[in-house]
**Q** 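Dropping the structure in here first, questions after.
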Amino acid sequence: MSKIKIEDVNLYYGEFQALKNINMNIKENEITAFIGPSGCGKSTLLKSLNRMNDLIEGVKINGRMLLDDVDIYKDIDASVLRKRVGMVFQKPNPFPMSIYENVAYGPKTHGIKQRSKLDDIVEQSLRAAAMWDEVKDRLKKSALGLSGGQQQRLCIARAFSVNPEVILLDEPTSALDPISTMKIEDLLVDIKKNYTIVIVTHNMQQATRISDKTGFFLHGEVVEFDDTEKLFSMPENKKTEDYITGRFG
Amino acid sequence: MSKIKIEDVNLYYGEFQALKNINMNIKENEITAFIGPSGCGKSTLLKSLNRMNDLIEGVKINGRMLLDDVDIYKDIDASVLRKRVGMVFQKPNPFPMSIYENVAYGPKTHGIKQRSKLDDIVEQSLRAAAMWDEVKDRLKKSALGLSGGQQQRLCIARAFSVNPEVILLDEPTSALDPISTMKIEDLLVDIKKNYTIVIVTHNMQQATRISDKTGFFLHGEVVEFDDTEKLFSMPENKKTEDYITGRFG
Amino acid sequence: MQSTKANYSEKLMQAVFYLSALISIIAVIAICLFLLLRGIPAIGEIGIMEFILNEKWKPTDYPPSYGILSMIVGSTYVTAGAIAIGVPIGLMCAVFLAKFCPDTVYKIAKPAVNLLAGIPSIVYGFFGMEVIVPFLRENFGGNGFSILSSSIILGIMILPTIISISESSIRSVPLSYEEGSLGLGATKEETVFKIVLPAAKSGVFTSIILGIGRAVGETMAVVMVAGNAVMPLDKIKLLKPIRTLTTNIVTEMSYASGLHEESLIATGVVLFVFIIILNTALSLIKTRDAKN
Amino acid sequence: MDVLRRRKTISLILKLTVWFCGILTVGILIYILLFILLRGVPKINMEFLFGEYNSDTLSAFSSVVTTIEMVIISLFISVPIGVFCAIYLTEYAKRGNKTVKVIRLAVDTLAGIPSIVFGLFGMILFVKLLGFRASVLSGICTLSIMILPLIISSSEEAIKSVPDMYREGSLGLGAGRLRTVFRIVLPTAMPGILSGIILAIGRIVGETAALIFTSGTNVLKNPTLDLMASQRTLAIHMYMLASEGLPHSKEMAFATGSILIIIVFLVNYTTTKLAGRIGRLSDE
Amino acid sequence: KEQPSEQPQPQQPVEQPQQPASNFDADKDITVVARDAASGTRGAFHEIMEIIQKEGDTTVDKLVVGALEFDGTDKVITAVEQDKYGIGYISLGSVSERIKAIEVNSVEPTIDNVKSGAYSVARPFLLVTKGTESDLVKDFLNFTESIEGQKIVNDRNFISAVDSPKEYTGSGLSGTIKVAGSTSVAPLMEKLQEEYNKLNPDVKFEMQANGSSQGINAAIDGSYDIGMSSRELKDEEAAQLNRHVLAIDGIAVIVNNENPTDDLAAEDITAIYTGEKTAWFEIE
Ligand SMILES: Nc1ncnc2c1ncn2[C@@H]1O[C@H](COP(=O)(O)OP(=O)(O)OP(=O)(O)O)[C@@H](O)[C@H]1O
Ligand SMILES: Nc1ncnc2c1ncn2[C@@H]1O[C@H](COP(=O)(O)OP(=O)(O)OP(=O)(O)O)[C@@H](O)[C@H]1O
Ligand SMILES: [Mg+2]
Ligand SMILES: [Mg+2]
């Protein structure tokens, strides 16, 4: 089932066209990976899925993006959209507060005040991010004291906390060591049964390891979008082949 | 012939041991590549070859490093050493001055004042970096106006300007687009007949493409150091194999 | 539902932020307006040329004479002196703090500089009157109350401004520039003076201009060390007393009435114009900086 | 080799110069401090600190209270306005917006205006036109405008230096801008804002020229919080004591100067500690 | 532990300043110290010494170019105290051992000589009011002119100007009296207020020490109840105000303690202040 439909999307930063005529269907309970060389528009597309681009001046979008067949740029409030479509960024960005407060921030924002309920949510989210045991004794400590990998998992827990349907991840492991990377990859594969996951990665091995579908971007266009296995073993497009065989990048 | 000999080198940042018992011979007129996951000590070793680590507080080194059989930590002045062992950094770092001034800075520092001589050196260095034709008409323009790839080649030209024997490069192309990367790779292969080149790279394809020898680093140790071809086709060590086949990193 | 309420407070607070932002504009306009309303008629009555280009300030004589040229020149000299003393020392000290100072020394030196900024001007005035003036009298002759003594005091007073802004702009020069220079075999000192300082120059200029602003506007310290004599232009000397625009206002305001009072407010207007000119210079630097 | 030796010598000279200037600055400061403190501190006694003012005690008590009153109320007015203005400039205004340019210009201009000019302005507007007379209120109004640019620019710097990723994190969870600003941005920017506030306090405590014409030189026997009363601050107390020409009052001027310096020192110290603690809390 | 500054603190009293001034170099230029134009002391002194000269309907203050001008008695004292070649003038009440008050035309500046008129460099301290005075103001003025009030005047080394002062008894009135004006009168006024308060504890004072002219203007425009002046009123001022002479104050001419001169002719003082004589040796 298509969770997200992208139809004829063009996106401009001022004069510069960063996305060119994108069409894509993203399925529920799958991991979709975006790959491509730097500057090709992966992050741009990802961000426009929960309207984080709204904040940048001079951004113009046309075409349609549908979440469960509802136009996210017309028929839904940005704040509600972002609750349903969570995001994890390239650099772990926990807030400079305690671990507990980091996870509780989202639910509090959406009006949950009851302490017991918050406690529950924090525990569940941290469990889902497979880090409850690591941090349960230091919930009141600053999140900035965690290691990079832990911080990133905390950010994932934070994303879970508002109970989203879709989770977007923009190179979530590029700043991490191999072991943390592995943990996060396992986690993603583990949770995909409950979520729709879109991940941007510069690491093709990573895409192969975890994703079901892969999209290859170049200069703002989707060159190829197919099952991961197929795309990496038998790319249809010459450019895709060049890229995945390491001819550039 | 061994240009640089590294013998039993251990390096500590305060308590933390970043290099463990390194032994290595680096040959003249070859390109030696260092690969390995982030944080494994590649940059640290590279920097200690021209004593850029001197500036960091709390660094302790033991063991010996010899340049043409002279101990670089004992028998040579850092300023003289750095003239002989040039360095190019990950991010292009031209000085905020004109292109001409950038290249002339090194020779001026070392006491060359004559305008005609400087002109000569600037032209030769820029030619050696294969960018004379691109910039000869805008020598007086700010170097910050160049593209990333040009800036990086300018930094290489700047390194040439003091007539070094060894050139160290720390991920020189990681911030560049494919075309600029290619240009720089070609350049390095081109000039290796006159220099000893050591390059750190996170890109294994790059190492394969240009280097003669490759060293694989892990947790501050040299796991394997061999001919590039051999290392990538028939690694002796399981860890090397894991790494080059993309099991982590 | 919740979101409409949120939207409402978003809108409300946005308006509050906007209004707060407008207050400084209103303040500047009010200051201009009231100063000009009181100052301009006086300038009109005296005649702008007479006011600015006449060196004779004799408000108590009959007929009175209101010329502030001597004080304009005085302010200029005193400020120039302060810059000549404060800028090199301040700059060197900033370099010291940013690049040479060991951590332990920094822990003392940095708060010291901050404290220097917090000491009230009259304290500086006392210090000047009881230490610097006698020192100059004994070593350089004259009576000590002079352009030089004012310049020294102001030079000290602008140190914190120069130091803290220059220091932070030196610190914000990317380390990669330094590495580049050191990598070419330059010494640390060569690197700092040939690469880092030039790269920090817009911050350094900013600090100098703010320092000039502080020096031009300082009153209470100068009034104690300058001697406040209105000197004819040809008698202005480094070791002779001087009157500046600010000290003119503060010494005579309490006495003045009528045209005299208004001419003092007009002196304030001239001071204001000085500051506007400095600010224009500053914003030119900033825009040029932004272009790079 | 010769070139190398010359370069090394020059480098050494530069290094010595730099050290000399660093030490000189600290030396000057220490000299000034000792100059005032050694003469002033021995004269400080309970009478002077907490007694009733009369021509014998010359007590600074009412001046201390007024100084604190002015600091608190001026900050109470200026800090919200200044911080809000900074929020507008950094978080709401569009880039290249005309208003922003005008606001920046206004802030820069305000920052450059000499305090004596603020004094004249306060005298014309608050004392005379608005009929506040010479009073603490006139002083506070003048000071609030005077410290506004300090608060605005330090807050703006602090808010700007909050990494965008914090904002993205908050917005990504569906929080609105307002919530992001108050819950995430401001707490993170707090140390920087505080350091602006320290500067402002220092400026108020040390101000003379702007207050002589606005809050006046009157001194009350006992402290008052009456805003309409005319009452001097510590700095003016020092100034007036030093003007009277009686040997006794001159020494007490030094004592007042010592109190001033001690206050400024304490304010600097505690606020730095506080900022340090907040800073540490946020990255512990 | 003592003051870091090196100035000697001369202990000898004013009466015997005959120290052999071995290192006094009479060839040196005289440092002429005057008060600021706001000061009543200056107005009176320049008038009496004919530094202000009237020719036809023009008035010119001939003060020598380069004379230091200070806005406070203490600064004048400090300047003369530190500078061996200095000369200045201050209120007789402010004379202390820090400097030496010299004879003018061989008349010592003492209270008796001022009272008798032998020492002619003197001016009145005036209190001025406008229109009909309120009961409270009238009561306070009565106090200043009473035996008790004039005793304070005498204690402070000023000369009583009331011929036959009456006994004063507390009136029990309450309210606030606002006073503004001369910085020279202010210390005396302060003492008077303190004594008056002992008898009438419910009366409050506000006092701005901001210069004679400011006080006179404040009285004229009604913003203050009483103006203090240390100079005579101008005709157009006198026409609008009630004038009360509070005291007579001598103006002492002061020189450095190391200066051998003890006596100056009035013409010499005029010559010094108008710049006709510029070095000490020119003065016999
Ligand atoms: N705020 C912006 N304003 C203008 N141009 C932008 C902006 N953000 C991105 N771009 C441009 O849009 C293009 C696509 O950027 P994007 O960040 O989507 O690339 P990316 O594929 O994520 O690259 P990377 O792998 O480096 O993250 C780039 O050319 C970039 O320079
Ligand atoms: N100045 C320093 N102080 C303390 N530790 C340091 C310092 N610089 C590097 N390290 C540590 O030393 C180890 C090796 O660092 P190094 O920069 O050599 O890694 P690298 O192999 O170059 O990694 P990368 O590929 O990320 O550049 C890392 O664990 C790093 O955290
Ligand atoms: Mg990206
Ligand atoms: Mg590295």
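Order of the sequence lines fixes the chain letters, A, B, ..., with proteins taken first and strands second; residue numbering starts at 1 for each chain.
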**Q** Just grab all the side-chain hydrogen bond (donor to acceptor under 3.5 Å, both in side chains) pairs involving residues 27-40 of chain B, residues at least two apart or on different chains.
**A**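 Residue pairs passing side-chain hydrogen bond (donor to acceptor under 3.5 Å, both in side chains), neighbours aside: Glu30(B)-Lys213(B).
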
**Q** How long is the span from the CD1 atom in Ile195(C) to the CD atom in Glu101(B), to the nearest 0.5 Å?
**A**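 Interatomic distance, Ile195(C) CD1 to Glu101(B) CD, rounded to 0.5 Å: 9.5 Å.
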
**Q** Which heavy atom in Tyr105(B) sits nearest to a heavy atom in Ser181(C), and how many Å separate them?
**A**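 Smallest heavy-atom distance, with atoms named: OH-OG, 2.7 Å.
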
**Q** Restricting to non-hydrogen atoms, name the atom on Tyr177(C) and the atom on Pro94(B) that form the minimum distance, rounded to 0.1 Å.
**A**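 Shortest heavy-atom separation between Tyr177(C) and Pro94(B) comes out as CE2-O, 3.2 Å.
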
**Q** Search all heavy atoms of Glu190(C) against all heavy atoms of Thr109(B) and return the closest pair with its distance.
**A**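 It is OE1-CG2, 3.5 Å.
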
**Q** Which of the residues Lys83(B), Met87(B), Met52(B) is involved in the greatest number of heavy-atom pairs with chain C at under 4.5 angstrom?
**A**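 Looking at each of Lys83(B), Met87(B), Met52(B) in turn, Met52(B) comes out on top.
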
**Q** For Glu57(B), check side-chain contact (heavy atoms from CB on, under 4.5 Å) against everything at least two apart and list the hits.
**A**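 Not a single residue meets the side-chain contact (heavy atoms from CB on, under 4.5 Å) criterion with Glu57(B).
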
**Q** Is there any side-chain hydrogen bond (donor to acceptor under 3.5 Å, both in side chains) pair reaching into residues 102-121 of chain C, and which pairs are they, with sequence neighbours excluded?
**A**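 Applying side-chain hydrogen bond (donor to acceptor under 3.5 Å, both in side chains) to every pair that reaches into residues 102-121 of chain C, excluding sequence neighbours, yields Tyr106(C)-Glu167(C), Lys110(C)-Glu167(C), Ser121(C)-Glu218(C).
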
**Q** Got more than 12 heavy atoms from elsewhere within 6.0 Å of NZ, Lys141(B)?
**A**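 It does not: Lys141(B) NZ has 12 such atoms or fewer within range.
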
**Q** Looking only at non-hydrogen atoms, find the nearest pair between Ser79(B) and Gly185(C) and report the distance.
**A**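 Heavy atoms of Ser79(B) and Gly185(C) come nearest at OG-O, 2.8 Å.
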
**Q** In terms of heavy-atom proximity below 4.5 Å to chain C, should Val85(B) be classed as side chain, backbone, both, or neither?
**A**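 Contact with chain C is through the backbone of Val85(B) alone.
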
**Q** Residues of residues 187-198 of chain B under 4.5 Å from chain C (heavy atom pairs)?
**A**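 No residue falls under the 4.5 Å cut-off.
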
**Q** In Å, rounded to the nearest 0.5 Å, how long is the span from CD of Glu179(C) to NZ of Lys91(B)?
**A**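 Atom-to-atom, Glu179(C):CD and Lys91(B):NZ are 11.0 Å apart.
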
**Q** How long is the span from the CZ atom in Phe95(B) to the OG1 atom in Thr191(C), to the nearest 0.5 Å?
**A**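 The OG1 atom of Thr191(C) is 7.5 Å from CZ of Phe95(B), to the nearest 0.5 Å.
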
**Q** Please flag which part of Lys188(C) lies under 4.5 Å from any non-hydrogen atom of chain B: side chain, backbone, both or neither.
**A**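 For Lys188(C), there is no contact with chain B at all, as no heavy atom is under 4.5 Å.
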
**Q** What pair of heavy atoms forms the shortest contact from Arg158(B) to Leu184(C), and how long is it?
**A**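 Heavy atoms only, the tightest pair is O-CD2, 3.3 Å.
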
**Q** For a quick test of reading the model, state the closest non-hydrogen atom pair linking Leu182(C) to Arg82(B) and the distance between them.
**A**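 In this case the closest contact between Leu182(C) and Arg82(B) is O-CD, 2.9 Å.
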
